[in-house]
Amino acid sequence: MSVQWWRDAVIYQVYPKSFADADGDGVGDLPGITAHLDHLATLGVDAVWISPFYPSPQRDGGYDVADYRDVDPMFGTLADFDALIARAHELSLKVMVDIVPNHTSSAHPWFQAALASEPGSRARGRYLFRDGRGPNGDEPPNNWLAAFTGPSWTRVTEQDGRPGQWYLHLFDSSQPDLDWENPEVVEEFDAILRFWLDRGVDGFRVDVAIGMFKEDGLPDWDGSHWYSSDVEGPHPMWDRDRVHDIYRRWRRILDSYYPPRVMAGESAVPHPERLALYTRPDEMHQAMNFPFLWLRPVASEVAAVIDRTLATAGSAPSTWVLSNHDVRRPVTRFGSEDPWVHADRVTPTDRALGSRVALAMDALMLALPGSAYLYQGQELGLPDNDEIPDQARQDPVFLNSGGRVIGRDGCRVPMPWTPDGPTLGFNTTGDAWLPMPAEYGARSVAAQQGVPGSTLEVYRQLLRLRRARALGHGRLVRHASMEGDVVAYLNESANVRTLLLVNLGPSPVAIPAGAETLIRTDGGDGPLAGYSAGWFAVA
Ligand code: NOJ
């Protein structure tokens, strides 16, 4: 594998609570992941990114980190992590871990020290504590809103029992934002990176990569507060230019290792031009393409995002993503009338349509040059679990909104490995931290393995062909058959030319003369059926 493996890598996201549960307590763990790495190797991915497994109160699925240098006992031990890396490397899989720099957990010793210290103290200076507005300081310091509903400020009680200062949290109140103007914060994260690099990780996925720096003086803001959607223009809290200083600094650290390690940003900006700034040669290796994730499956919109991404990406590879632990799974959203990645409520879905469109979009993504991310279960065509009872839901998006917004639990349900058993092979005890729907059995790994035409087997074939035809390194040009509901591109690398046809409408479309089928998601051999994709060899 080349030292620039990330340029065309397919990277598989593991959500550790839900991948595989070796100790049977109902929550997935690191030994469970290690035991199932061979699934990833036979699937044909290049790397695995593991969402946070650090000690955490789990108020936000582990994105509330209480100790950046350890493993939560629920997930195992540092020795389990070492065993995971060793096994992954044996299987030629790279390992990326999540780094969460915008905020810590409120259980982090730094925040606990801040609460126990005076206003203006060194301990408070690591976070964004401010006096409140109004005569008694009982109004928040500014009008910013938190991503998980409500104001982004919470007031603390001082040591003398009186209401005191406020601290900023752009997410849940259990996730206080760090002050990145403070050199101590900067140095701490240098050390955290080195800790995991010295343990052998191949790279990092950077959480909230557009966060960290805030506008001086924290002024009021009447524009959109929404993280990861319509961040337009200069913004006091997201995508500020100074954040790039951090990535230049981190890049120097990554480059001091051999082979150089990588970082991929959760860079949720709507404009490919702003996105491209994150992957300048001395910054990140990858910046996840959220405009692609936010797409509706409409041919003209899909082609527009692809073209604009490739036109602005510069020398960095584009990084495509259709699914992750924060959004409705493609099978669910593409089968619903409102294909938006977040839905306030569960909406009726046409499962057959959703499955077809999702697989066609997967085939589209995997034919594009650059790198692609898959989210666990995407290779099985899993839908969301839309039937989680309210009392079982755990996402702060649901809890903080009093149940008004359904949140992200539906896409975080444990993986089905076998068609039978109370937890479908997730563990042997039958406990699961979120309920699994019965329909997952028929979509389990064992149920699809070796079954021609199953989503899993189509995936394996796509990944094999992608590698054999070097699609990740190709040059992409529009093909003449692009019109109406059809997305059509030629991917050319050396003298291998692959035609990608995606039919996002209901009617069959003709295959251009001379195109030889490599793989088709409709399994047919005549015109390409509606809501299907195919890869064809062309002269
Ligand atoms: C993005 C993560 O993917 C999401 O799960 C988390 O809630 C926020 N960042 C806050 O860390």
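Everything quoted here is computed from the prediction, not taken from an experiment. Counting starts at 1 for both ligands and their atoms, following the listed order.
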Aromatic contact between Tyr375 and Tyr12, with the criterion being ring centroids under 6.0 Å apart: yes or no? no
Counting each atom of ligand 1 from 1 as listed, which ones have a heavy atom of His103 under 4.0 Å away? 10 (C), 11 (O)
So is Asp207 close enough to ligand 1, meaning a heavy atom under 4.0 angstrom away? yes
Nearest heavy atom to atom 4 (C) of ligand 1: which of Asn324, Asp326, Asp395, Val208 does it belong to? Asp326
Which atoms of ligand 1 sit under 4.0 Å from any heavy atom of Arg412? 5 (O)
What do you reckon, are the aromatic ring centroids of Phe148 and Phe171 less than 6.0 Å apart? yes
Centroid-centroid under 6.0 Å between His36 and Trp417 rings: yes
Distance filter under 4.0 Å to Glu266 heavy atoms, resulting ligand 1 atoms: 1 (C), 3 (O), 9 (N)
Per-atom filter on ligand 1: closer than 4.0 angstrom to a heavy atom of Arg408 are 4 (C), 5 (O), 6 (C), 7 (O)
Would you mind telling me if ligand 1 is within reach of the side chain of Arg205, the backbone, both or neither, using heavy atoms under 4.0 Å? side chain
Pairs involving residues 385-398, ordered by first then second residue, that meet salt bridge (Lys or Arg N to Asp or Glu O under 4.0 Å) (sequence neighbours left out): Asp395-Arg408
Taking the six-membered ring for Trp and the single ring otherwise, decide whether the centroids of Phe19 and Trp49 are under 6.0 Å apart. no
For the aromatic rings, using the six-membered ring if either is Trp, is the centroid distance between Trp153 and Phe129 under 6.0 Å? no
Which ligand 1 atoms, with their elements, are less than 4.0 angstrom from a heavy-atom of Phe148? 7 (O)
